[in-house]
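As structure tokens, the structure follows; a few thoughts come after it.
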Amino acid sequence: MSRTRTAILAALALVAGTAGTATAVVPGDLGIQSVPCTVDYKVQNQWDTGFTAAVTVTNNSAAKSSWSLKWSYAGNQKISSFWNAKVSQSGAAVTAANETYNGTLATGGSVSFGFNGSYSGTNALPTTFTLDGVTCNVDDGSGGGTGGGTGGGTGGGGTDSRVDNPYAGAKVYVNPEWSTKAAAEPGGSRVSNQPTGVWLDRIGAINGVNGGMGLRDHLDAALQQKGSGEEVVQLVVYDLPGRDCSALASNGELGPTEIDKYKTQFIDPIAAILADSKYSSLRIVTTIEIDSLPNLVTNTGSRATATPNCDTMLANGNYVKGVGYALAKLGAIPNVYNYLDAGHHGWLGWDDNFAPSANIMKQAATSEGATVDDVQGFITNTANYSALKEDNFTVNDTVNGTSVRQSKWVDWNRYVDELSFAQAFRNELVSVGFNSDIGMLIDTSRNGWGGTARPTGPGAKTSVDTYVDGGRYDRRIHVGNWCNQSGAGLGERPQANPASGIDAYVWMKPPGESDGSSTAIANDEGKGFDRMCDPTYTGNARNGNNMSGALANAPLSGHWFSAQFQQLMQNAYPPL
């Protein structure tokens, strides 16, 4: 349910319309000066006893270094939780004041915040707002000019400004920092114009690290690239407390209990920037916390793959809370499209992982103020290597009466490639309560597996293993290997609507950026050393105690790895 009311300055004249209804004069009509401010108050979700609201304030007066917005309710509404503002209530009177990170409000600038509340009877919309004591708007009785009533929408708390697939009919942002590195490589100009994800993997990345571009820099650059068409910007939101509890190379800067720091110093500032009206014309795709929720299913409890760190994150609930908070905060912004990470087929494709993972994703998406409407879709294979489509065998094949599922490579998995998994997992997610119009993204940045090692047909039917191993495109030693895989190649180029249920193939992981260092490297980025990135490592339970298959001489995760980039181009499929 979506109810909206944009109120215009009380001092504006009301001109009688042809039907005798009052119509607010728009600033600029009849030579009237711009209003000091406008407020867009939306009830995004409403149920029998509660509601979620989003408020956007636009300042048309002198720039401010702090702000305070006030209104009163006509009913018995009570605010229970809030974000992006400090909200207090005394009786019917409500005051929302800036946080430390969003006090600056330029002339023409906007700031957004949201809250949850309770009510009984009628949830009447407030009609009068003041900004720093100045009456800046009042509803004129006609819904204020942006329309009232209800709307179904396509998610994000019922906001109906979103399109079904943000990638459809849109260009996608080319990160100039990645593009420059790619173009500097021999032959790199063949792919340097491809769109890739921007990784916000620590608090410092919001403002930029080591002189690099920050979030606003990327959004400003996206506006320049946009022109008169539509433009998608892809962000990876990736800094949970106790991040990536089963892989040391991508451990984060926040400890397992630092959920409040995650909320106030990471998610809140990102949301404040994304909510700036300057960027409202962009379609902002957020990939939410890769590798987090699946770990709570596969690497906890009595499983051989369990780790103490994952058990801790399951027990304290901070993965679920953090993901829910991120979805709620970012989902309150009308032009943000949240895609939650859903692992890959070689992780969640087994029966004992498949349904439980969908259920824990539903749990996260309905926590901390989030609803399933805050999820536009899911992404699989992020920063991984699983082949998009295996053409030379299917999971239903048999060899001499033995099922392909019994091969060492498939190992009873129900899926042999990423496309079939993504489509099936989408159906599972809908069955547990996610919206039926969700779409999937598949990261194809490193799953092409071309080059001379690419099989041209099925393997020999000597045994089920020779059949699968001889025909599979994915040349990894084990499907559990994930770090800087030797022999990998660029996959399908980014494209919208490539298959049923799939919103886009994307390069969310920028090709040429390392997964982790081959040896321990001292750093101030919160990044550890994982033996799975060491080419001499003989493995663990999570990869069947096989060799790691990693490239040698790799730098820290996220740092440029020239040798890997060259190999990805060499083994690209489709070929460059």
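Atoms considered below: every heavy atom in the structure, side chains included; atoms not considered: hydrogens, waters and symmetry mates.
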Side-chain donor-acceptor pair under 3.5 Å between [X] and [Y], yes or no?
X      : Y      : answer
Asn400 : Thr402 : no
Asn353 : Arg303 : yes
Tyr473 : Asn447 : no
Thr394 : Asn396 : no
Asn553 : Ser518 : no

Give me the atom names and distance for the closest heavy-atom approach of [X] to [Y].
X      : Y      : value
Ile333 : Arg162 : O-NH2, 2.8 Å
Asn392 : Gly471 : ND2-O, 2.8 Å
Cys533 : Gly516 : SG-CA, 3.8 Å
Ala370 : Leu327 : CB-CB, 4.0 Å
Glu258 : Glu253 : OE1-O, 4.1 Å

Verdict with supporting geometry, Ser445 and Asp443, side-chain hydrogen bond (donor to acceptor under 3.5 Å, both in side chains): CA-CA 6 Å; Ser445 60; Asp443 188 347; 2.8 Å; yes
Tell me if a side-chain donor or acceptor on [X] pairs with a main-chain N or O of [Y] at a distance below 3.5 Å.
X      : Y      : result
Gln376 : Asn338 : yes
Asp465 : Lys408 : yes
Arg454 : Gly448 : yes
Thr380 : Ala422 : no
Arg426 : Ile438 : yes
Trp350 : Asp411 : yes
Thr305 : Ala541 : no
Asn318 : Pro256 : yes

Sequence neighbours excluded, every pair satisfying side-chain hydrogen bond (donor to acceptor under 3.5 Å, both in side chains) that has a member inside residues 187-200: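 Applying side-chain hydrogen bond (donor to acceptor under 3.5 Å, both in side chains) to every pair that reaches into residues 187-200, excluding sequence neighbours, yields nothing.
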Set of residues satisfying side-chain contact (heavy atoms from CB on, under 4.5 Å) with respect to Asn543, sequence neighbours excluded: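 Checked Asn543 against side-chain contact (heavy atoms from CB on, under 4.5 Å); matches are His478, Asn481, Met532, Asn540, Asn546.
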Test side chain to side chain contact (heavy atoms under 4.5 Å, CB included) applied to Tyr319 and Leu314, Ile259, Leu240, the passing residue: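 With Tyr319 as partner, side chain to side chain contact (heavy atoms under 4.5 Å, CB included) holds for just one option, Leu240.
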Aromatic centroids of Tyr262 and Tyr325 separated by under 6.0 Å: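 Centroid separation for Tyr325 and Tyr262: 6.0 Å or greater.
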Test of ring centre spacing under 6.0 Å for Phe425 and Tyr415: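 No - the distance between ring centres of Phe425 and Tyr415 does not fall below the 6.0 Å cut-off.
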Cation over ring face, Arg476 and Tyr385, 6.0 Å, 45°: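 No; the conditions do not both hold, so Arg476 does not lie above the ring face of Tyr385.
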With sequence neighbours excluded, residues passing ring-ring contact (aromatic ring centres under 6.0 Å, His included) with Tyr505: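 Not a single residue meets the ring-ring contact (aromatic ring centres under 6.0 Å, His included) criterion with Tyr505.
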Leu235 vs His218 side-chain heavy atoms within contact, under 4.5 Å: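 Contact flag for Leu235/His218 side chains = no.
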Test applied, side-chain hydrogen bond (donor to acceptor under 3.5 Å, both in side chains); reference residue, Gln234; option that passes from Tyr337, Tyr167, Trp507, Tyr339: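 For Gln234, the side-chain hydrogen bond (donor to acceptor under 3.5 Å, both in side chains) check succeeds only for Tyr167.
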Charged N-O contact under 4.0 Å between Lys509 and Asp515: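 Result for this pair is yes, salt bridge flagged.
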